[in-house]
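Worksheet: the structure to be examined is printed underneath.
Please read all numbers here as calculations on a predicted model, not as lab measurements. No hydrogens, no waters, no symmetry mates; every other heavy atom, side chains included, goes into these values.
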Amino acid sequence: MERYVTLSMVLLGAALCAFADARGVPNDFIRSSCRATQYPHLCERCLSTYAPPVRRSPRGVAAAALAVSADKARSASAFVRRVSVGVRPVRSRESGAVQDCMETMRDSVDRLRRSVQEMKRMGRARSPRFAWHLSNVQTWVSAALTDEGTCLDSVSQNAGPAVRAAIRKRVVEVAQVTSNALALVNRLSPRI
């Protein structure tokens, strides 16, 4: 049951992130939290829909950012998979680049999903358990960001202009929200 509630929250937040309007104005806490990220406006837009559930919780903001990142990575991974079907010939450099991208995006999705789950296991701050789980999340989100960069590098170097532009558009946004999520996770401290 908890899995379905979490999935529903992620899907609703991601949908609202894409279509945020004046009612999705971020509260002051989200705005100030997002200032610590590399893409603060994207952060505010995506997290404004989470304002009521996260209130003034740094952990809640970080968890919401991870949920957004995982959802966008899942969507981009599915898009790359669809693009791979249309790339020909099978042995071309472009095909290899798209296949590499597909694999690294699949890895990114897996790492972000694990990070979302790990955030739920953190326990209380100041405990060894908290520090251990926080370290895992930091490692996995950083690795997911590397996976996204690897996908972009492969496609940039070996794919044609149309495929490159289509994939780049999706994966760059994933990398940006993942960067934001990592910045918000890194603000958590075992001492808080």
Rounded to the nearest 0.5 angstrom, the SG-CD distance for C43 and Q38 is 12.0 Å

Residues L134 and L188: closest non-hydrogen pair is CD2-O, 3.6 Å

If you count the non-hydrogen atoms of other residues, nucleotides and ligands that lie under 6.0 Å from CZ in R56, is the total more than 12? no

* Asked: Which is it for I30 and S48 under the side chain to side chain contact (heavy atoms under 4.5 Å, CB included) test, yes or no, and what are the steps along the way?
  -> CA-CA 7 Å; I30 288 179; S48 65; 5.6 Å; no

In short, A36 meets A183 closest at the heavy-atom pair O-CB, 3.7 Å

Any carboxylate oxygen within less than 4.0 angstrom of a Lys/Arg side-chain nitrogen, looking at E148 and R106? no

(message) Measuring only between side-chain heavy atoms, which start at C-beta, is V171 closer than 4.5 Å to M105?
(response) yes

Give a yes-or-no answer on whether the side chains of T104 and T150 include a donor-acceptor pair shorter than 3.5 Å. no

* Asked: Can you tell me if T178 uses its side chain to pair, donor with acceptor, with the backbone of V174 under 3.5 Å?
  -> yes

message = When you measure from the side chain of E94 to the backbone of N158, do you find a donor-acceptor pair of N or O atoms at a distance under 3.5 Å?
response = no

For the pair M119 and R59, evaluate side chain to side chain contact (heavy atoms under 4.5 Å, CB included) and give the outcome as yes or no after the intermediate values.
CA-CA 8 Å; M119 286 286 290; R59 193 186 307 192; 3.7 Å; yes

When rounded to the nearest 0.5 Å, the distance separating SG of C34 from CZ of R31 is 9.5 Å

Separation between CD1 (I167) and SG (C151), nearest 0.5 Å, reads 6.0 Å

- Start with the C-alpha gap between C46 and K72, add the side-chain angles, then the distance that decides, and say whether side chain to side chain contact (heavy atoms under 4.5 Å, CB included) holds. CA-CA 11 Å; C46 290; K72 287 194 176 291; 4.1 Å; yes

> Taking it one step at a time, do R168 and V155 satisfy side chain to side chain contact (heavy atoms under 4.5 Å, CB included)?
Replying inline: CA-CA 8 Å; R168 180 174 169 67; V155 170; 5.9 Å; no

- Message: Under 4.5 Å between side-chain heavy atoms, counting indirect links through other Ile/Leu/Val/Met/Phe/Trp/Tyr residues: same cluster for V177 and Y39 or not?
- Response: yes

CG of L112 to CG of D71, rounded to nearest 0.5 Å, is 10.5 Å

Original post:
Is there a side-chain contact between T37 and L42, using heavy atoms and a 4.5 Å cut-off?
Top reply: no

(message) I'd like to know if the side chain of S84 reaches the main chain of R81, judged simply by a donor and an acceptor atom lying under 3.5 Å from each other, with no hydrogens or angles considered.
(response) yes

Minimal heavy-atom distance between L66 and S115, with the atoms involved, is CD1-O, 4.1 Å

When rounded to the nearest 0.5 Å, the distance separating CG of N180 from CD of E44 is 10.0 Å

* Would you check if the side chain of R164 reaches a backbone N or O of A159 as a donor-acceptor pair within less than 3.5 Å? => yes

Inset, instruction - Could you tell me whether a side-chain N or O of S95 sits under 3.5 Å from a main-chain N or O of S92, the two making a donor and an acceptor? - result: no

So the side chain to side chain donor-acceptor pair (under 3.5 Å) pairs with at least one residue in residues 133-145 (sequence neighbours excluded) are E118-H133, E118-N136, Q138-N186

Minimal heavy-atom distance between S189 and A125, with the atoms involved, is O-CB, 4.3 Å

Open item on the list: Check for me, please, whether V109 and V83 land in the same ILVMFWY cluster - side-chain distances under 4.5 Å, paths through other members count.
Closed with: no

Distance col, row E103:CD vs S154:OG, nearest 0.5 angstrom, shows 9.5 Å

Hits for salt bridge (Lys or Arg N to Asp or Glu O under 4.0 Å) against R113, two or more places apart or cross-chain, chain-then-number order -> none

Determine, using the 4.5 Å side-chain heavy-atom cutoff (strictly less than), whether V68 and F29 are members of one ILVMFWY cluster. yes

- Is it possible for you to say whether V137 and F130 belong to one hydrophobic cluster, with membership spreading through side-chain heavy-atom contacts below 4.5 Å? yes

